[in-house]
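Note sheet for the following structure.
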Amino acid sequence: MNIDDLASVEYGDMEGFQRFIFENSQQHQLFRDTLAQTYGISVPAYPLDNIDPTDVDAWLLDHDQEHAAINTVIGLDNPADLLDTDWRKEGDFYDWLNNHYLLHAQIISTLGLT
């Protein structure tokens, strides 16, 4: 698990963004597997390993819903609104990236996946 790939994406860097998408989907799979195997809890799985650049909002919705489900079952506050962003704006992109990174760090810590 390389959580740094979730925070080190430069705005407009498509190669870095692809690393982010891959690492993010791998971590979500690990979260779902850990919840299922360790706690007997299943959460919805969404197709987070692929993003359609013409429909980022659909990916953001799926991603937000999966985070909300994970956080609910492990007792964390609902995640920051991962939908309220405009990735065409550099500042929004970095704000979202930071909020998302912090969500993953909380989940990793809570599940003991350090």
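Along the sequence shown, residues are numbered consecutively beginning with 1.
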Report summary line: Here the pair of heavy atoms bringing Arg19 nearest to Asp13 is NH2-OD2, 4.2 Å
Query raised in the report: Are Leu111 and Leu35 side-chain neighbours, meaning at least one heavy-atom pair lies under 4.5 Å?
Result: yes
Query - Interatomic spacing from CG in Asn71 to CD1 in Ile107 - rounded to 0.5 Å - result: 4.5 Å
Query raised in the report: Counting only heavy atoms not in Phe22, do more than 12 fall under 6.0 Å of its CZ?
Result: no
Query raised in the report: Which value, rounded to the nearest 0.5 Å, describes the distance between His67 atom NE2 and Asn99 atom CG?
Result: 11.0 Å
Requested in this report: For side chain to side chain contact (heavy atoms under 4.5 Å, CB included), just list the numbers for Leu6 and Gln27, CA-CA rounded to whole Å, side-chain angles, deciding distance to a tenth of an Å, and then say yes or no.
Outcome: CA-CA 10 Å; Leu6 300 184; Gln27 287 185 27; 3.3 Å; yes
Report summary line: Heavy atoms of Ala68 and Thr72 approach each other most closely as O-OG1, 2.8 Å
Query raised in the report: Under 4.5 Å between any side-chain heavy atoms of Asn24 and His104, yes or no?
Result: yes
Requested in this report: Return yes if some donor-acceptor pair links the side-chain N/O of Tyr11 with the main-chain N/O of Arg88 below 3.5 Å, else return no.
Outcome: yes
Query raised in the report: Does Asp57 have any side-chain hydrogen bond (donor to acceptor under 3.5 Å, both in side chains) partners at least two apart in sequence or in another chain, and if so, which?
Result: none
Requested in this report: Please tell me if the side chains of Leu82 and Leu103 come closer than 4.5 Å, counting only heavy atoms from C-beta onward.
Outcome: yes
Report task. Report the relative orientation of the aromatic rings in Trp59 and Trp96; use parallel for angles under 30°, tilted for 30 to 60°, perpendicular for over 60°. Result -> tilted
Query raised in the report: Heavy atoms, side chains only, cut-off 4.5 Å: are Ile74 and Gln106 in contact?
Result: no
Report task. Take the angle between the ring planes of His28 and His63 and call it parallel below 30°, perpendicular above 60°, tilted in between. Result -> tilted
Query raised in the report: Any side-chain heavy atom of Val73 within less than 4.5 Å of one from Tyr39?
Result: no
Query raised in the report: Would a distance-only check, ignoring hydrogens and angles, find a side-chain to backbone donor-acceptor pair under 3.5 Å from Glu66 to Tyr46?
Result: yes
Query raised in the report: Roughly how far apart are Leu97 CG and Phe20 CZ, rounded to 0.5 Å?
Result: 6.0 Å
Query - Ser25 side chain to Ile21 backbone, donor-acceptor under 3.5 Å - result: yes
Query raised in the report: Going from CD1 on Ile70 to CZ on Phe31, what distance comes out if it is rounded to the nearest 0.5 angstrom?
Result: 6.5 Å
Query - By side chain to side chain contact (heavy atoms under 4.5 Å, CB included) - contacts of Asp92 (at least two apart) - result: Thr85, Asp86, Lys89
Report task. Find the distance between OH (Tyr94) and CD (Glu10) and round it off to the nearest 0.5 Å. Result -> 4.0 Å
**Report entry** Straight-line distance of Ser109 OG to Leu76 CG, nearest 0.5 Å
**Finding:** 9.0 Å
